[in-house]
There are 4 protein chains.
Amino acid sequence: MSAAPRTARGEKTRRKLLEAAEHEFAAHGYTESSVSRITERAGVGQGTFYLYFDSKLDVFNELVEDLNHRVRLAMSEGARGAGTRLAAERAGFAAFFRFTAEHPALYRVVREAEFVSPEALRMHYTRIVEGYIDGLTQAQEDGEIGDIDPTVAAWALMGVGEMIGMRWVLWGDAANGEPGDGADPTASGTSAVPEHVLDEMMRFIGGALGRPDWGTTNEEEA
Amino acid sequence: MSAAPRTARGEKTRRKLLEAAEHEFAAHGYTESSVSRITERAGVGQGTFYLYFDSKLDVFNELVEDLNHRVRLAMSEGARGAGTRLAAERAGFAAFFRFTAEHPALYRVVREAEFVSPEALRMHYTRIVEGYIDGLTQAQEDGEIGDIDPTVAAWALMGVGEMIGMRWVLWGDAANGEPGDGADPTASGTSAVPEHVLDEMMRFIGGALGRPDWGTTNEEEA
Amino acid sequence: MSAAPRTARGEKTRRKLLEAAEHEFAAHGYTESSVSRITERAGVGQGTFYLYFDSKLDVFNELVEDLNHRVRLAMSEGARGAGTRLAAERAGFAAFFRFTAEHPALYRVVREAEFVSPEALRMHYTRIVEGYIDGLTQAQEDGEIGDIDPTVAAWALMGVGEMIGMRWVLWGDAANGEPGDGADPTASGTSAVPEHVLDEMMRFIGGALGRPDWGTTNEEEA
Amino acid sequence: MSAAPRTARGEKTRRKLLEAAEHEFAAHGYTESSVSRITERAGVGQGTFYLYFDSKLDVFNELVEDLNHRVRLAMSEGARGAGTRLAAERAGFAAFFRFTAEHPALYRVVREAEFVSPEALRMHYTRIVEGYIDGLTQAQEDGEIGDIDPTVAAWALMGVGEMIGMRWVLWGDAANGEPGDGADPTASGTSAVPEHVLDEMMRFIGGALGRPDWGTTNEEEA
DNA sequence: AATGAATGAGTGTTCATTCAT
DNA sequence: TATGAATGAACACTCATTCAT
């Protein structure tokens, strides 16, 4: 992370660089991105980059960290205020898919971390999973779900979300059609994934967690 | 795929190159690998590489294809002869984990395809999922599982396998300890994942597919 | 020139190679052409090339030689049977332009020799010029043209033909339009250069050679 | 043309590179020249080259452009102050031959453009020809030469100069002897071409332009 | 704080040529 | 006569990083 800026001006420069890096990585991926293009995008000299970051990898790590916060925030905000546990779970996943749909390139950045900075990806997944584990444990205490091991279940849920997201959000509805299902993915009520897929996915998850009824009812009614 | 060798000697050279590329990619990842190191490893001149492959990407794609065949073979062979559906599913996953444990670096090659050759990864996942879909559809016809949408369920299963595999096989038992659980991952009877995790995972999947009983019984007894 | 073919089969192979080389050089120029593409085009193995030619440069030289014969043949045949000296000169130039128009790429091969095999180009120009010199000397003896030094005049004529040919045949009628003036360049009666340009050029040459009247009359009437 | 230097230091480096490229191309021709040899000659790192030029072709084009200016300057300066039109024409050609004699390798660079960057050569010839056309048109208005089409005549003149220059300056006096005629080609009073050849050439041109008298008198007396 | 010039190792790829068969 | 496998030097070009100003 190199030297932190010591002045307001420096702070601003650092932010410009970070933002430029985000766009650059999103657009070209890590290896294809170049520091010089980042500084160009940021409108600063090449040397300036190394005033605020130790290396190309350094910005990347910081970016992954940042993205992690944003995904988790989106998910928890998405789930906030849901009346039932089912509704909350569904809303959480929908928020995740929406985030992915809105920032597909950014999400790519996170996944690429597996090959660029494995530790960063591990941290990313672990943090999200910890949230799941807390939720599942609570739900078990409330008797809302079965007594499955919350850790294993949490990682499984993570996998389900990732794969469904990759398949229907990143790849799009058709096997090789355009991403998304045509519905505006930013409309907060809708999901970035076809309704039917989300339904089936919740049924899958409901059964998995010992709540087969989740698949037979609609949201808010469970 | 470039020109196919026309002589036995050429055939042999091509195989040497492919094998060298596999090790090289596994060891350093795609971008950090160099064609010259591949040829060096193969013990041939640099130019020889281009007699058999159009480009660095070309070998990579061929390798992903190859690995796809091997994973699927391992899974179907692992599942062969299982007495019950539960046993078959469990054996399939166990085989998958074992393959991953035996070739962790190779599996990395496949996943990296997302950033190197997205089409190749898509093909990889799609082929495996197609196998799942067939199995699930058959199981539904036999009344063995619920009426969940087989496509959605298949992708969800894929995700569960990938994430559990990443967490317990690639990362290892402890959050940040060494990979594997100490048990010999190649011993065919055992799983590369802790027994408990596999148990819980099967319980998760059983419930998801409308067979909550899968989680309460042991293999071979369902 | 390497080993001459010793059998009819060899003769045929050599011819195939020569023809393939002509097309290859015409299409890509000397440096961008590759021996392997020549052999591929010829439908023979790569090694076969070196049975008949010492090197890439070797074929090139042979080709330039060959082209030299063809251009000179075209010019002398074009001029044959012309009634007057003016008609003969004009027909000779027209034939040269026609040849260039019909084989623009081949003519490029000849010119490129300046940078690839300077000796070959020197020979090419010298041979053509020798023909001019003979003609001019004869014409002087016949009192048909002034007493200008035939050697200097011959090279000057060569230059005029080359430059007019480059400008109007290779580059085309408009400064940067398409080559040729739209008239079918292979129609033997017409010229590959606009009639007006040929007229003015003959006037230029006529004056230069001490026959200002050439510019005031039409062909066949002088 | 890439990024222009932003500092004096950069300006200097760029000039060093340009000069090195000039020598390199002159010595080995375009294809045989290598960027690394250019940078070596310039005494800078390989990467530095790409700070100032987009590509090898880019410097080449810039060089051709530069040479074009220099040739035209040499010609117009050579002709400046000539008392008569004949003297001016003769001086212009003599200056051209002198330039060629002084920089035979550089002139090679220009001609090679036909195969490396055809547009550049076209521009080169066109610019010079435009100067001729202006001069010829003016001379016609002044009644000094005949009414030949100035464009055709200009290209023809260009051809005469090029070919005579190639034959007597670049190839030398003897058919295949050394270049030059032994006279110091840089001595400004003399021509790089044997006096006799220049005489005959001017006679040729004079007649061509409708001034047969040019060939019968000496310079400065017409 | 900021710059931009400079670096040089490194990349993937091409190709004329040789040679064992 | 013919082959195609093999070579390795050579190429243009990129880039993260350093440093003097």
Side-chain angles (χ1 to χ4, degrees), chain A residues 3 5-14 31-40 44-58, chain B residues 3 5-14 31-39 44-58, chain C residues 3 5-14 31-40 44-57, chain D residues 3 5-14 31-39 44-57:
Chain A
R6 295 195 200 294
T7 70
R9 183 184 171 206
E11 183 64 53
K12 203 168 137 196
T13 301
R14 187 178 203 282
T31 19
E32 296 296 307
S33 291
S34 78
V35 172
S36 82
R37 225 156 32 208
I38 290 171
T39 56
E40 195 182 347
V44 304
Q46 263 193 81
T48 306
F49 180 91
Y50 291 89
L51 248 33
Y52 300 106
F53 304 98
D54 286 336
S55 64
K56 185 183 169 187
L57 184 57
D58 188 31
Chain B
R6 272 179 246 271
T7 68
R9 184 185 174 205
E11 185 65 56
K12 201 167 139 195
T13 302
R14 188 179 201 279
T31 17
E32 297 296 309
S33 291
S34 79
V35 172
S36 77
R37 222 156 33 209
I38 291 172
T39 55
V44 303
Q46 287 212 45
T48 305
F49 178 91
Y50 292 91
L51 246 31
Y52 302 106
F53 304 98
D54 285 336
S55 62
K56 185 184 169 188
L57 184 57
D58 189 33
Chain C
R6 295 193 200 292
T7 69
R9 183 186 172 205
E11 184 63 52
K12 201 167 140 197
T13 302
R14 189 178 201 280
T31 20
E32 297 295 308
S33 291
S34 78
V35 172
S36 81
R37 226 159 28 211
I38 290 172
T39 55
E40 196 181 346
V44 305
Q46 264 193 79
T48 306
F49 180 91
Y50 290 89
L51 248 32
Y52 300 105
F53 304 97
D54 285 337
S55 63
K56 186 184 169 187
L57 184 58
Chain D
R6 273 179 246 273
T7 69
R9 184 185 174 206
E11 185 64 55
K12 201 168 138 194
T13 302
R14 188 180 201 278
T31 16
E32 296 297 309
S33 291
S34 79
V35 172
S36 78
R37 222 156 32 207
I38 291 173
T39 56
V44 303
Q46 287 211 43
T48 305
F49 178 91
Y50 292 92
L51 246 32
Y52 303 106
F53 304 98
D54 286 336
S55 62
K56 185 185 168 186
L57 184 57

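Naming: A, B, ... by sequence-line order, numbering from 1 per chain.
- C:F53 places none of its side-chain heavy atoms less than 4.5 Å from the side chain of C:V35.
- By the side chain to side chain donor-acceptor pair (under 3.5 Å) test, C:S55 is found to be paired with no residue, residues two or more places apart in sequence or in another chain being considered.
- Remark: C1' of F:dA2 and CZ of C:R14 are 16 Å apart, rounded to the nearest angstrom.
- With rounding to whole Å, B:Y52 atom OH is found 11 Å from F:dG4 atom P.
- Between the side chain of C:K12 and the main chain of C:T7, no donor-acceptor pair closer than 3.5 Å is present.
- Side chain of C:R6 to main chain of C:E11: no donor-acceptor pair is present (N/O by atom type, distance under 3.5 Å, no hydrogens or angles).
- Closest-nucleotide positions on DNA chain F for B:T13 and C:R9 were compared, and the one nearer the 5' end corresponds to C:R9.
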Query - Stepwise side-chain contact (heavy atoms from CB on, under 4.5 Å) test for C:T13 and C:T48 - result: CA-CA 9 Å; C:T13 302; C:T48 306; 3.8 Å; yes
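- Taking atom CG of residue B:L51 and atom P of nucleotide E:dT14, one finds them 12 Å apart after rounding to whole Å.
- Contact of the C:V44 side chain with the C:F49 side chain is not registered, since no non-hydrogen atoms from C-beta on lie closer than 4.5 Å.
- Both key distances under 3.5 Å define a Watson-Crick or G-U pair, and stretches of 3 or more such consecutive pairs in DNA chain E run E:2-21 with F:2-21.
- B:P5 and B:Y52 make their closest contact through CB-CE2, 3.7 Å (heavy atoms, listed as atom of the first residue, atom of the second, distance).
- Rounding to whole angstrom units, CZ of residue A:R6 and P of E:dA2 are separated by 13 Å.
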Report task. Heavy atoms under 4.0 Å is the rule here; annotate nucleotides 11-18 of chain F 5' to 3' with B where the base is hit, S where only the sugar-phosphate is, and - elsewhere. Result -> SSBBBSBB
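- With hydrogens and angles disregarded, a donor-acceptor distance shorter than 3.5 Å links the side chain of D:R37 to the backbone of D:E32.
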